[in-house]
Amino acid sequence: MVTRIVDLRSDTVTKPTEAMRAAMASAEVDDDVLGYDPTAFRLETEMAKTMGKDAALFVPSGTMGNLISVLVHCDVRGSEVILGDTCHINIFENGGIATIGGVHPRQVKNNDDGTMDIDLIEAAIRDPMGELFYPTTKLICLENTHANSGGRCLSVEYTDRVGELAKKHGLKLHIDGARIFNASVALGVPVDRLVQAADSVSVCLSKGIGAPVGSVIVGSKNFIAKARRLRKTLGGGMRQIGILCAAALVALQENVGKLESDHKKARLLADGLNEVKGLRVDACSVETNMVFIDIEEGTKTRAEKICKYMEERGILVMQESSSRMRVVLHHQISASDVQYALSCFQQAVAVKGVQNEMGN
């Protein structure tokens with residue numbers, strides 16, 4: 001019988017803390033669709049100030065936040081957005097910008113560090129002279145941290161260069177900042193400076209900082225006014241959301257400061273996994289709280305078997321492919337949990353490898 005659970009599937013799995021539950025229970029609320037929820041107003045005001053933007057809007061999810069942001073900027077069907085081929089908007093959001101918004105995604109290759117080459121971004125911008133044939137480029141999207149690159153950070157210098165390119169061509173820049181606080185902490189750059197070049201940013205509250213639900217999008221007052229209407233159109237207008245916003249306010253106050261510890265534990269786990277024969281982690285890619293684990297060629301086991309072995313011992317890991325797994329650290333994972341996970345990984349590779357040899 002499993003008596004210990006170490007959930008490394010994602011930083012979205014955290015449970016509300018006692019402080020969050022208390023804040024939710026006592027939250028002052030009203031109808032947010034009508035614009036009167038005081039706790040939602042507090043959260044949105046705080047987030048706008050923190051991100052260095054004029055206004056903010058709470059939305060139910062990061063996917064909705066990105067969709068709304070793209071639709072505000074690409075307000076004519078047939079518009080085009082330039083984004084990375086492995087970014088979250090392109091891969092994991094059901095193609096919503098196309099199916100719902102009629103926005104065409106123009107993919108540019110993501111480098112291993114999550115960036116796109118500046119010259120490739122510029123080459124992807126449509127020539128206005130070809131508007132009879134081509135979609136109209138309206139927007140560039142970045143993702144920071146970049147999840148499919150292992151949670152790597154886009155530097156402020158890179159982001160500024162993309163922002164300058166966007167302005168040069170009369171385009172807007174949106175940042176999918178689901179884990180932007182992780183990037184800020186890892187880079188040692190204030191979060192408002194990190195997103196200064198962006199016209200809009202979506203920030204997930206339920207990932208790195210551990211709130212139970214929601215995201216916030218930030219931008220100009222005009223952008224947020226349009227975003228509010230789209231939120232209602234998409235079914236995201238909720239009523240007494242102060243209950244959720246109260247937990248997010250606690251997360252902002254208490255958990256941003258814990259991100260550095262999460263990053264250290266991720267590096268500790270990565271270093272330990274590189275000592276396990278048959279497993280490999282690209283140590284250079286571990287900049288924040290994500291670790292991608294590759295099973296080396298010739299190792300006599302597969303990711304599915306390792307994940308099953310780990311689950312039987314209370315450790316939950318995300319399988320990415322037959323030879324790759326992902327783990328994500330968060331504030332409810334202790335150093336002891338990391339050591340326990342390392343010992344189980346070592347056993348899993350050894351035991352499953354022996355079993356496969358016996359089976360052969």
Side-chain angles (χ1 to χ4, degrees), residues 1-14 86 110-114 145-153 179 182-183 185-186 207-208 210 258-360:
M1 180 179 176
V2 175
T3 58
R4 180 179 189 177
I5 299 295
V6 179
D7 198 338
L8 298 168
R9 292 172 299 168
S10 179
D11 45 7
T12 61
V13 303
T14 55
T86 64
N110 276 119
N111 298 315
D112 290 342
D113 63 0
T145 63
H146 196 278
N148 269 348
S149 297
R152 298 188 73 169
C153 306
R179 296 182 175 91
N182 292 85
V185 169
K207 287 195 168 85
K258 298 176 183 177
L259 294 176
E260 185 175 2
S261 175
D262 296 342
H263 300 170
K264 288 179 180 177
K265 285 178 284 190
R267 290 191 291 273
L268 179 65
L269 181 61
D271 290 343
L273 288 167
N274 272 329
E275 298 297 317
V276 178
K277 186 177 181 181
L279 300 181
R280 178 174 52 82
V281 173
D282 178 6
C284 293
S285 72
V286 184
E287 296 181 357
T288 54
N289 65 329
M290 305 180 78
V291 181
F292 283 83
I293 309 158
D294 291 306
I295 300 174
E296 293 185 319
E297 191 174 347
T299 303
K300 298 183 182 341
T301 189
R302 310 296 284 173
E304 181 181 3
K305 293 183 178 180
I306 292 177
C307 289
K308 187 174 187 301
Y309 182 93
M310 300 290 282
E311 185 175 358
E312 289 168 352
R313 284 147 187 82
I315 302 173
L316 306 181
V317 177
M318 186 82 74
Q319 181 181 343
E320 291 281 311
S321 70
S322 62
S323 61
R324 173 169 265 214
M325 298 163 285
R326 187 193 83 167
V327 299
V328 184
L329 282 293
H330 50 79
H331 74 98
Q332 292 177 341
I333 297 297
S334 67
S336 171
D337 291 333
V338 170
Q339 294 302 326
Y340 176 57
L342 278 172
S343 66
C344 289
F345 268 115
Q346 192 161 22
Q347 295 165 23
V349 175
V351 169
K352 290 302 175 184
V354 170
Q355 288 179 349
N356 281 345
E357 284 189 350
M358 291 174 65
N360 292 334

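Source: prediction; values computed, not measured. When a residue number appears, it is its place in the shown sequence, counting from 1.
Panel note: side chain N182, backbone T288; no donor-acceptor pair is recorded below 3.5 Å. Under the 3.5 Å distance criterion, the side-chain polar atoms of N274 are matched with a main-chain donor or acceptor of V281. Panel note: side chain S321, backbone S323; a donor-acceptor pair is recorded below 3.5 Å. Judged by distance alone, with hydrogens and angles left aside, the side-chain atoms of D282 form a donor-acceptor pair with the main-chain N or O of C284 at under 3.5 Å. Remark: side-chain polar atoms of K265 are not paired, donor with acceptor, to backbone N or O of V338 under 3.5 angstrom. A donor-acceptor pair under 3.5 Å links the side-chain atoms of H330 to the main chain of D7, judged by distance alone.
Within 6.0 Å of CD in E320 there are more than 12 heavy atoms belonging to other residues, nucleotides or ligands.
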For this session: Kindly determine whether E287 and T145 satisfy side chain to side chain contact (heavy atoms under 4.5 Å, CB included), including the steps that lead there.
Result: CA-CA 9 Å; E287 296 181 357; T145 63; over 6 Å; no
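You'll find the side chain of L8 stays beyond 4.5 Å of the side chain of M310, heavy atoms only. Contact of the V2 side chain with the R313 side chain is not registered, since no non-hydrogen atoms from C-beta on lie closer than 4.5 Å. Within the 4.5 Å cutoff, no side-chain heavy atoms of L259 are placed close to those of N289. The shortest side-chain heavy-atom distance between V327 and L269 falls under the 4.5 Å cut-off. The side-chain heavy atoms of R4 and D337, taken from C-beta on, include a pair separated by under 4.5 Å. Looking only at side-chain heavy atoms (C-beta outward), M290 and S285 stay at 4.5 Å or farther from each other. Between I295 and L279, the closest side-chain pair of non-hydrogen atoms falls below 4.5 Å.
Shown here for Y309 and A348, the closest heavy-atom pair between the two residues is CD2-CB, 3.3 Å. Across all non-hydrogen atoms, the minimal contact from V328 to D11 is CG1-N, 3.5 Å. Contact detail for V317 and R326: the closest heavy-atom pair is CG1-O, 3.5 Å. Residues A303 and M325 share a closest heavy-atom pair of CB-CG, 3.8 Å. Looking at every heavy atom in both residues, D262 comes nearest to G208 through OD2-O, 4.5 Å. Closest approach of K207 and T12 over heavy atoms only: CG-CG2, 3.7 Å.
Separation of atoms CD (E297) and OG1 (T299) is listed at 9.0 Å; rounding is to 0.5 Å. To the nearest 0.5 angstrom, Q319 atom CD is 12.0 Å from K305 atom NZ. In this structure, the separation between CD1 on I293 and CD1 on I306 is 8.5 Å, given to the nearest 0.5 Å. Note: C307 SG to R9 CZ = 11.5 Å, rounded to the nearest 0.5 Å. S322 contributes atom OG, which lies 4.0 Å from atom CZ of R302 (distance to the nearest 0.5 angstrom). Taken from OG in S261 to CG in L329, the straight-line distance is 8.5 Å, to the nearest 0.5 Å.
Under 4.0 Å is where a charged nitrogen must lie from a carboxylate oxygen, and between E304 and K308 no such pair does.
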